[in-house]
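Here the structure comes first, spelled out in structure tokens, and everything after it is commentary.
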Amino acid sequence: MILHELIDYETLRIIWWLLLGVLLIGFAVTDGFDLGVGTLLPFVAKTDTERRIAINSIGPTWEGNQVWLILGGGAIFAAWPPLYAVAFSGFYLAMFAILFALILRPVAFKYRSKRDSAAWKAGWDWALFIGGFVPSLIFGVAVGNVLQGVPFRFDDDMRIYYEGSFFALLNPYALLCGLLSVAMLVMHGAAWLQVKAEGIVAERARRYGSLAALIVIALFALGGLILWMGIDGYRISSAIDTAGPSNPLLKTAEHSHGAWLVNYGAHPWMVIAPVLGFVGAATALLATLGRREIAVLLSSKLAIFGIISTVGLSMFPFILPSSLDPRSSLTVWDASSSHMTLFIMLVVTIIFLPIVIAYTAWVYRVLWGKVDAEMVNDKGGHAY
């Protein structure tokens, strides 16, 4: 038997769908609190020392956290090439805006304290805000558009045609998802500040974190209600070979009202995902009010896991539906790399992903502890 045939093609496709979800959730629960702290910076910190406390709470780890974004992009490129091609072509300007915002962050970290000027520091503080808020918003807007379908199609030669525009992405439902994403990551950033910061910064983070948790619950419920009542999903209307070649045009698909809820009826256990989203946000709120710092952070992570998982489970097996030509929609069964490629990548992932997780855990263990005014004002230290 050839080695890669130890795992059949259908199983490998499901494994890589799950791994893609793991990588996206990993990015959201690690770099997510970095984005949240950046978004909160103008609100939780008023003086230079307070801002430095907030910045240094994420300063030692933000670079390592971005590994999850790189891994997620790499997984899409290698495991789901058509998804990579359509997403990076159709969402080009949105991707550029995210990239620009993410580039601002390291520059702001490094240059903020290079001059003893209030105007200079304030400018870089706003750069950190942009570097947190813009990606948080656009990631959510992207998810909102994916749920509605993206205007692309394939011709008979499998050439991609995208017929949308940047401003068309900013539709009401997508913006609602964007605001949910911002609120979710602000909640997560506030949870992190409660764990890592001391004094007035942590107190302000509690107030904004409580408000963000309430907004997450409200927007998550509203988004689900709108999805149920007013937005058509997609369904495959023909037979499909789950181990067949990766060619979206070999199937037929169509718009279908309520299609994104069908999986919950067929597989009732999936309802645990949205339940965890609500429970995580509600528990984060209660833990914030009770000043249980670690519980707040864990609950925030649980909410993120539940909300992102809800999107993936609702859409399965679709990963990028087409509003222009439903037949061109990309699914788990017809948008993957070859059997051999998925197997080799899985072997590499089994070897290296535990190393990444172990190293990340070790870094957090070494750098654990509160950030206070004495630490950031230590002239002989390494604080930003």
In the structure I gave you, are the side-chain heavy atoms of [X] and [Y] within less than 4.5 Å of one another anywhere?
X	Y	answer
L222	L176	yes
P317	I236	yes
L297	E293	no
W17	L20	no
L41	F129	no
I240	T331	yes
D232	S256	no
L320	V86	yes

Heavy-atom count around [X] [atom1] within 6.0 Å, excluding the residue itself: above 12?
X	atom1	answer
Y359	OH	no
F316	CZ	yes
W120	CH2	yes
I200	CD1	yes

Does [X] reach the main-chain N or O of [Y] with its side chain, forming a donor-acceptor pair under 3.5 Å?
X	Y	answer
N171	A168	yes
Y84	G74	no
W16	W80	no
S322	R153	no
S238	T252	yes
S181	C177	no
T39	F133	yes
D31	F27	no
D155	D157	yes
S329	P326	yes

Considering all heavy atoms of both residues, which atom of [X] and which atom of [Y] are nearest to each other, and what is their separation?
X	Y	value
L35	S136	CB-OG, 3.6 Å
A54	V37	O-CG1, 3.7 Å
V296	A191	CG1-CB, 3.4 Å
L102	Q66	CD2-OE1, 3.8 Å
D8	E10	OD1-N, 3.2 Å
S237	E254	CB-CD, 3.9 Å

Check for me, please, whether [X] and [Y] land in the same ILVMFWY cluster - side-chain distances under 4.5 Å, paths through other members count.
X	Y	value
I76	V22	no
L40	L211	yes
V150	Y161	no
I98	I103	no
L285	F305	no

Report the distance from atom [atom1] of [X] to atom [atom2] of [Y], rounding to the nearest 0.5 Å.
X	Y	atom1	atom2	value
I58	N65	CD1	CG	9.0 Å
L147	W260	CG	CH2	7.0 Å
E50	R204	CD	CZ	4.5 Å
I355	I350	CD1	CD1	12.5 Å
I55	D48	CD1	CG	8.0 Å

Given the rule in the side chain to side chain contact (heavy atoms under 4.5 Å, CB included) test, do I15 and L342 qualify, once you have shown the distances and angles that lead to the verdict? CA-CA 9 Å; I15 289 173; L342 294 183; over 6 Å; no
NZ or CZ of K121 within 45° of W126 ring axis and under 6.0 Å: no
Assess whether side chain to side chain contact (heavy atoms under 4.5 Å, CB included) is satisfied between S323 and Y234, documenting all intermediate values. CA-CA 9 Å; S323 59; Y234 295 79; 3.4 Å; yes
Taking the six-membered ring for Trp, are the ring centroids of F166 and F96 within less than 6.0 Å of each other? no
Should the pair [X] and [Y] be assigned to parallel (<30°), tilted (30 to 60°) or perpendicular (>60°) ring geometry?
X	Y	answer
F152	F154	perpendicular
F109	W62	parallel
F33	Y364	perpendicular

Does the pair L249 and S328 meet the rule for a side chain to side chain contact (heavy atoms under 4.5 Å, CB included), with working shown? CA-CA 6 Å; L249 300 182; S328 296; 3.8 Å; yes
Could you tell me if Y9 and S338 have a donor-acceptor pair between their side chains, going purely by distance under 3.5 Å? no
Is there a side chain to side chain contact (heavy atoms under 4.5 Å, CB included) between L104 and L128 once you walk through the steps? CA-CA 7 Å; L104 277 179; L128 286 170; over 6 Å; no
Between R105 and E63, does any side-chain N to carboxylate O distance fall below 4.0 Å? no
Salt bridge between D241 and K251, side-chain N to carboxylate O under 4.0 Å? no
Going through the distances and angles, do S246 and R13 end up as a side chain to side chain donor-acceptor pair (under 3.5 Å)? CA-CA 11 Å; S246 288; R13 283 168 161 167; 3.1 Å; yes
